Structure formats: structure tokens, C-alpha cells
Amino acid sequence: MQILDGRKTSASIKDELKAKVAELKKEGKKVPHLAAVLVGEDGGSITYVNAKVKACDYVGYDSTLIRFPDSISEEELLSKVDELNNDKSIDGFIVQLPLPKHIDERKVTLAIDPAKDVDGFHPENIGRMSLGLPSFLPATPNGIMELLKRHNIQTEGKHCVIIGRSSIVGTPLSILMSRNDKHANATVTLCHSRTKNLEEICRDADILVAAIGKPYFVKENMVKDGAVVIDVGTSRLEDSSKKSGYKLAGDVAFDEVAEKCSFITPVPGGVGPMTIASLLLNTYEANKRFQSA
Ligand code: GUN
């Protein structure tokens, strides 16, 4: 069994981007600028957004963090989105999800200019991705594709089973995995809460992706010998032995599953860092497009 080390792979991507940014600076060109909007005090969201800003600093991007209290109205948030859409100094921006219940996430996602939507969540980008046209690819699914590619893991003709059909991970990953591309071309089964015979389907997977947010859901009896297992889960479980008071739990029972598979992603240190690397890649592209427009 081999660990798919997302931290290491993400570090390589960041170093590649850092070198490109240094080149831009040398040529006197504008460096990429990412803005992140964070609403409220959700611990997970704060951690993720801080990690995104830190990654920007590392590669040499400009970054702007915009924070609002939970009480912000939908109208105020939409007005900030509009401002960012029109701010020429910003190449791309994200609005961290989830948003408070009184704000319609779809409305906010739709309001983002697709040309600045470096999360790849806007229907225009999802539609372009589905048709195989150039687009911003959603960060987590694209991070998974990149992790597989950079470890020379064959996907062509393989059976990829994805558990979870969220619009951020499962559904877009099913599209990327089945695209006509030598680093995709998988036969995909997208499973969800109404799927029958889930264990049996999972046992047939050459590549098994767990993205449901249920700690330790995937057990040893759901995994085929030699399978590649990708764990997207990042649930927070109370743990008084940790300074933070919690530990991160994946969707896969790592210890029992690891023995059976050929490759597996750890939590933390697997898919999470790859999500950030993808966001940086998209932001680099956004800057390139604006500069050549
Ligand atoms: N919440 C969980 N993952 C993501 C992500 O990739 N982007 C945004 N904007 N919010 C998230």
C-alpha cells in the first residue's frame, strides 16, 4: 500500500507556481490576486480560508480576505460580490460555503462573474466543464484528478465508484472521471443515499471515492483488494487529547482499509491540500486570461 501524499503533491504544485510568479515579477507583470469572502465564525471555514490565504502568500500571489458577521444580509453580500466582479485588481474570488441559512447560496453563486469564479461553481463553468470546454474546474474534484495523474495512476477503463453526489465534489468528479481524456476515461458509478447494494458496488471499484461526510463509513468489507481509495471526508470529532479539542476524521476507516488497497489518501494530508493547490492553479489561469484580454 502506498500513501497518496496530498501535502507533498500540493507542495510541488505550489513550488511550480512560485517559480512562475517570480518570472511574472521579473517581467514587471501583475501577479495573480485572489480574494476570499468569509461569512461568520464556523471553525472549519475559518481554517480553510486561512489556509488558502497562507498558500497565496507562499506562492507570491496577492490576497484579500473579506470577513462579515453571520448577520450580514443577502443584499449586502450580493453587493460585495458585485464590487469584486468589477474590481480590476482582483483576478478571481471565492465565497466560502456554507453560508448562513438566511442567505441563498445559489443566488450568491450565480452572482459571481464566471470569469472570476475560481471555485468553478457557477453554472456556466459547470456547463463548460460538462461539454469539455475550457473552464475553471471545481477545486476538490480537480485536485483529486491531479493527485491521480501525478502518481501515474491509470483511470482509463477502470471502474470508479463515487459515494456522494454533492454539487461541489461527487457530481463534478463523476463528469471529470468519465471525460474523454487519457487521464480520465473511467466508467463511473455515482452512489447516493438511495443506492441499493452499496457495499457490493463499492467492492467492484478499482477507484473508490468517499465524499459523504460520514466518519469512517467505508469499511474493509467494502473495498476490493488492490483498489485505489480516495477519502474526501473532513468531519470534526471531539478529542480532548488534541490542543484544538478535535480531530479530523475521514469517510474511510483508514487502518482496516489501508491494508487492502494499492493507494490511499490520508485525512488530514490527502485531498485537502490538493483542493488549495487547484484553487491556486485556477487563480493563475484567471490572471493570465485577464492579462491577455
Ligand atoms: N466549502 C467547502 N469546500 C469549499 C470550496 O472548495 N470552496 C468554497 N467556496 N467553499 C467550500
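For this chain, numbers begin at 1 and follow the sequence in order. One-based numbering, in listed order, for ligands and for the atoms of each. Computed from a predicted model, the values in this text were never measured in an experiment.
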Engineer: In a check of side chain to side chain donor-acceptor pair (under 3.5 Å) between D91 and each of K116, R289, K30, which one passes?
Structural biologist: K30

Engineer: State whether Y284 and K20 meet the cation-pi test: NZ (Lys) or CZ (Arg) under 6.0 Å from the six-membered ring centroid, and within 45° of the perpendicular axis.
Structural biologist: yes

Engineer: Does R179 have any side chain to side chain contact (heavy atoms under 4.5 Å, CB included) partners at least two apart in sequence or in another chain, and if so, which?
Structural biologist: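 With neighbours one apart ignored, the set is M129, L137, L176, A184.
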
Engineer: Determine whether the side chain, the backbone, both or neither of K52 has a heavy atom under 4.0 Å from any heavy atom of ligand 1.
Structural biologist: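 For K52, only side-chain atoms sit under 4.0 Å from ligand 1.
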
Engineer: Can you sort out which atoms of ligand 1 are near F121, meaning under 4.0 Å from one of its heavy atoms?
Structural biologist: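 Close to F121: 5 (C), 6 (O), 7 (N), 8 (C), 9 (N).
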
Engineer: Ignoring angles and geometry beyond distance, decide whether L97 reaches within less than 3.5 Å of ligand 1 through its nitrogen or oxygen atoms.
Structural biologist: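 Among all N and O atoms of L97, at least one is under 3.5 Å from an N or O of ligand 1.
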
Engineer: Between H122 (side chain only) and L110 (backbone N and O only), is there a donor and an acceptor less than 3.5 Å apart?
Structural biologist: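 Indeed, once roles are kept as given, a pair shorter than 3.5 Å links the two residues.
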
Engineer: I need the I163 CD1 to T189 OG1 distance, nearest 0.5 Å.
Structural biologist: 11.0 Å

Engineer: Polar-atom distance check: V95 versus ligand 1, any N or O pair below 3.5 Å?
Structural biologist: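 Yes, there is a polar N/O contact under 3.5 Å.
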
Engineer: Measure the distance from atom 4 (C) of ligand 1 to every protein heavy atom, then report the residue, atom name and distance (to 0.1 Å) of the closest one.
Structural biologist: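 Scanning the protein heavy atoms, the shortest distance from atom 4 (C) of ligand 1 goes to Q96 NE2, 4.0 Å.
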
Engineer: Ligand 1 and T140, any nitrogen or oxygen pair closer than 3.5 angstrom?
Structural biologist: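 In this structure, T140 places no N or O atom under 3.5 Å from an N or O of ligand 1.
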
Engineer: Looking at every non-hydrogen atom in both residues, tell me the closest pair between S63 and D57 and how far apart they are.
Structural biologist: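 Residues S63 and D57, closest heavy atoms: OG-OD1, 3.9 Å.
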
Engineer: In the protein, which heavy atom is nearest to atom 9 (N) of ligand 1, and how far is it?
Structural biologist: D119 OD2, 2.6 Å

